[in-house]
Protein chains: 2
Amino acid sequence: MKPRRSTIKDVARRAGVAVSTASLVLNSKGYVSAELRRKVLRAVEELDYVPNRSARALVGKSTGNIGFIVAQEHFSKVEPFYTKVLLGTEFEARQHDYYILLTTVPFSYRANALPRFITEQSVDGVICAGRMGDRYAAELVERGIPAVVVDYGFKTVRLPVINVDNVRGGFLATEHLLSLGHRRIAFLGGDAGHPSIASRLIGYREAFRERGIVVDERLIRADEPGTGTADGYNGTRNLLRTKEPFTALFACNDAMAIGALRALKESGIHIPLNVSLVGFDNIDLCFHIDPRLTSVHVPKEELGAQALKVLLAVIEKGSTAVTNTLIDPELIVRESSSRPGRT
Amino acid sequence: MKPRRSTIKDVARRAGVAVSTASLVLNSKGYVSAELRRKVLRAVEELDYVPNRSARALVGKSTGNIGFIVAQEHFSKVEPFYTKVLLGTEFEARQHDYYILLTTVPFSYRANALPRFITEQSVDGVICAGRMGDRYAAELVERGIPAVVVDYGFKTVRLPVINVDNVRGGFLATEHLLSLGHRRIAFLGGDAGHPSIASRLIGYREAFRERGIVVDERLIRADEPGTGTADGYNGTRNLLRTKEPFTALFACNDAMAIGALRALKESGIHIPLNVSLVGFDNIDLCFHIDPRLTSVHVPKEELGAQALKVLLAVIEKGSTAVTNTLIDPELIVRESSSRPGRT
DNA sequence: GTTGTGTATCGAAACGTTTCGATATTGGGC
DNA sequence: GCCCAATATCGAAACGTTTCGATACACAAC
């Protein structure tokens, strides 16, 4: 009932050629006459032959696997952000005949937490998704394993990066609010140490500068410990407590925006009549909350797909350049932003 | 800079033993004296040796990988349901030193869509997550590949199943509404061909029967094409159009409940004052919508973890029994359900 | 003293590939 | 008519493991 899988030897025998010739045909290498090639291919067909990946990996260097590393804390977040990135990677990988080995790691580096697939040499390269300890990246570089980073940028380790254009995104969000007539636009960023958030803030400032408007620094809040819903909630309450008037709020991601929304609602502030709200990421949730959230769309699947493409270039061409791939974001206007009303 | 990784030969040489002895030590097999064992382990330590997985897979039968198959259409759904299942599996897998090879397949079987990791023999077993074409399962069985199913049950193929107790869940939801005093409780199920939905409906009926109350069949709606937000919306509108009065609605999953919520709101029906609403799955969204949705919690991570455990039993013990593992659901009461008010 | 059994160690084969020579066979250029 | 390069094919080695005998030594049982 479970017939032994056929091997390249079976193919060779049936085609009446040497194993090495069959191998050449299968890999389109060297010189093989048209006739033998045909015979081999026929045998492959008849025997339903598929090369054994382990054997291939053993002799050659390629395993056909790509490791996808994401911090535990990120992957299980409310918004399936990295799931979508992963999905994009997986889809792209399938086109190139690669498989994805997924693993999560603790956020901060732990000595023995390095994914086993790296020490056991069962991946050709690695994609690091999102923020994680720099040491992870350092280890990868040290071992000479091809790697790229998506949606983050290590400070101390230089690796190719695939990211959404956060500066541009910050600009789009802010310019949207400015063009609606808002002038007092608060910026709600969590941990300003995160490069993406810093970039979004730069975009925020650029939008103001381009219009020759001076930013009121008191409206920039970037002192929460994290970037989750709770941080958005707390940050907004802190902001309200300062009594600084504002007619719009740009939260550095949707999770924080949702927290902000709750805080504002609780204070009897209507969205968007009293305060316009714009988020970042355009997670699915944006569409299901009330009011629907205006947000900067991040093409998550595309991030993942691009990451794989760049990684493959590193693997196959041995390219070692530290490239920086930027993906364009897009502003999605929904119900949470409008012209300023009475405050 | 990139030192060749050490092999078992290096270990053997350094320990002054034969390769085969080193292998015995590493696998805790056969007879090895305490002294040699110590020497070998020291050499392993000193050389930072890690066995090469490909070589192992080639000779032995174990690859140390588990395939996780989920239908494309499901994985990219709004709610990260299967992501959490996957997360549970991944976590459990790490404890047992297995890796997860993820792949998505088209919902309905296509001839050449069988994951490559199966044909290439790079997994020891497979977890099928959620509904997908029966042919996939049939192929697996035919090839004699250990497999289990989580959150679904194939009709024509017999495989071990890991599932939430849907009957119990349906019962809990309905009993909750009954105990609040509701009597006219609508059931909103999408595609009734799905075994989970059918089971939830059974639970619904049981709750009524236990109280000796007759179900009004006109309140059971299970004729939408799918189980998404849009189906919930349409189904609810159809239900409203029948003019059948009801004071509560049990949607067979949260996505449909959210669609229902929108439809009800649009008709000026207040939740929960006019109609109580209960969903199923307890996706994160439940907590972020207004009002917060009462739902039946499905321990998704646990489903994934259990699936792995059962699969490992099949792989390692060769157990071929068609088991049926049921996980207990739990009712989470939030704001969307209350005693019946004026209708 | 022979036989048997449990302990200990090792060499070699095997797993399914790819790749490196080795060896033929052409045919064109001279 | 000879040489060289291009074409074609093959056998064997190599990749890093595990596992299967083979061998050897104790020690107990008869």
Side-chain angles (χ1 to χ4, degrees), chain A residues 3-41 43-44 47-65 97 116-117 119-124 316, chain B residues 3-41 43-44 47-65 97 116-117 119-124 316:
Chain A
R4 197 180 56 77
R5 296 205 53 81
S6 39
T7 74
I8 198 170
K9 284 183 192 166
D10 302 323
V11 171
R13 195 173 322 121
R14 186 170 193 116
V17 303
V19 168
S20 45
T21 305
S23 176
L24 291 181
V25 171
L26 289 169
N27 297 293
S28 312
K29 283 185 177 176
Y31 298 109
V32 179
S33 67
E35 190 187 345
L36 287 199
R37 159 164 287 115
R38 228 183 30 246
K39 280 189 184 171
V40 169
L41 292 179
V44 165
L47 293 174
D48 208 13
Y49 167 75
V50 179
N52 178 305
R53 183 57 75 163
S54 301
R56 265 195 172 161
L58 184 53
V59 51
K61 27 246 84 201
S62 148
T63 64
N65 295 330
D97 225 30
R116 211 197 59 203
F117 55 56
T119 55
E120 285 184 347
Q121 310 157 65
S122 33
V123 294
D124 299 337
E316 288 168 4
Chain B
R4 195 180 57 78
R5 295 204 56 80
S6 40
T7 74
I8 198 171
K9 283 184 194 166
D10 302 324
V11 170
R13 194 173 323 123
R14 186 170 194 116
V17 303
V19 169
S20 46
T21 305
S23 176
L24 291 181
V25 172
L26 289 169
N27 296 293
S28 313
K29 283 186 178 174
Y31 297 110
V32 180
S33 66
E35 189 188 346
L36 288 200
R37 158 164 287 113
R38 229 184 28 248
K39 280 189 184 172
V40 169
L41 291 178
V44 165
L47 294 174
D48 205 14
Y49 167 74
V50 179
N52 179 305
R53 183 58 72 161
S54 301
R56 265 197 174 161
L58 184 54
V59 51
K61 28 244 82 204
S62 147
T63 65
N65 296 329
D97 225 30
R116 211 196 59 202
F117 55 55
T119 55
E120 285 184 346
Q121 310 157 67
S122 30
V123 294
D124 299 337
E316 288 169 3

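Source: prediction; values computed, not measured. Computation of the quantities below employed the complete heavy-atom set of this structure, encompassing side-chain atoms and omitting hydrogens, waters and symmetry-equivalent molecules.
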Work out which heavy atom in [X] is nearest to a heavy atom in [Y]; give both atom names and the distance.
{"X": "A:Y49", "Y": "A:T7", "answer": "CE1-C, 3.4 Å"}
{"X": "B:V44", "Y": "B:V11", "answer": "CG2-CG1, 3.9 Å"}
{"X": "B:G64", "Y": "A:R116", "answer": "O-NH2, 3.8 Å"}
{"X": "A:D97", "Y": "A:R53", "answer": "O-NH2, 4.0 Å"}
{"X": "B:L47", "Y": "B:S6", "answer": "O-OG, 3.0 Å"}
{"X": "A:A12", "Y": "A:A22", "answer": "CB-CB, 4.3 Å"}

Separation of atom [atom1] in [X] from atom [atom2] in [N], rounded to whole Å:
{"X": "B:L58", "N": "D:dT19", "atom1": "CG", "atom2": "P", "answer": "12 Å"}
{"X": "B:L36", "N": "C:dC10", "atom1": "CG", "atom2": "P", "answer": "6 Å"}
{"X": "A:Y49", "N": "C:dG16", "atom1": "OH", "atom2": "P", "answer": "10 Å"}
{"X": "A:N27", "N": "C:dT19", "atom1": "CG", "atom2": "P", "answer": "7 Å"}
{"X": "B:K9", "N": "D:dT17", "atom1": "NZ", "atom2": "P", "answer": "9 Å"}

Taking OP1 and OP2 of [N], is either one under 4.0 Å from a side-chain nitrogen or oxygen of [X]?
{"X": "A:S33", "N": "D:dT9", "result": "yes"}
{"X": "A:N52", "N": "C:dC15", "result": "no"}
{"X": "B:R56", "N": "D:dG16", "result": "no"}

Between the first and last five pairs of the helix from C:dG1-D:dC30 to C:dC30-D:dG1, the angle of the axes, rounded to 10 degrees: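 Roughly 60°, once rounded to the nearest ten degrees.
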
Indicate yes or no: at least one non-hydrogen side-chain atom of [X] is less than 4.5 angstrom from one of [Y].
{"X": "A:E120", "Y": "A:T63", "value": "no"}
{"X": "A:R56", "Y": "A:N27", "value": "yes"}
{"X": "A:S33", "Y": "A:R38", "value": "no"}

Near DNA chain C, counting only heavy atoms under 4.0 Å, which residues of residues 18-26 of chain A show up?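 Per residue number, the list reads A:V19, A:S20, A:S23.
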
Produce the list of close N/O pairs, under 3.5 Å, pairing protein atoms with atoms of nucleotides 5-7 of chain C; give distances to one decimal.
| from | atom 1 | to | atom 2 | distance (Å) |
| --- | --- | --- | --- | --- |
| C:dT7 | OP2 | B:Y31 | OH | 2.6 |

Extract from the structure each pairing of a protein N or O with an N or O of nucleotides 26-28 of chain D at less than 3.5 Å, listing the distance.
none

Walk me through whether A:K39 and A:V17 qualify under side chain to side chain contact (heavy atoms under 4.5 Å, CB included). CA-CA 9 Å; A:K39 280 189 184 171; A:V17 303; 5.5 Å; no

Which residue lies toward the 5' end of DNA chain C, A:K29 or A:S54, if each is placed at its nearest nucleotide?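 It is A:S54 whose nearest nucleotide is closer to the 5' end.
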
Taking protein heavy atoms under 4.0 Å as touching, what does nucleotides 21-29 of chain C look like 5' to 3' if B marks base contact, S marks sugar-phosphate-only contact and - marks none? ---------

Does A:V50 reach a base, just sugar-phosphate, or nothing at all? Heavy atoms under 4.0 Å.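 Sugar-phosphate contact only - A:V50 comes under 4.0 Å of backbone atoms but never of a base.
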
Those residues that, when tested against B:V32, pass side chain to side chain contact (heavy atoms under 4.5 Å, CB included) (two or more places apart):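 In terms of side chain to side chain contact (heavy atoms under 4.5 Å, CB included), with neighbours along the sequence ignored, B:V32 is linked to B:T21, B:L24, B:V25, B:L36, B:R37.
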
From B:S62 atom OG to B:D124 atom CG, the distance as rounded to the nearest 0.5 Å: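 The CG atom of B:D124 is 4.5 Å from OG of B:S62, to the nearest 0.5 Å.
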
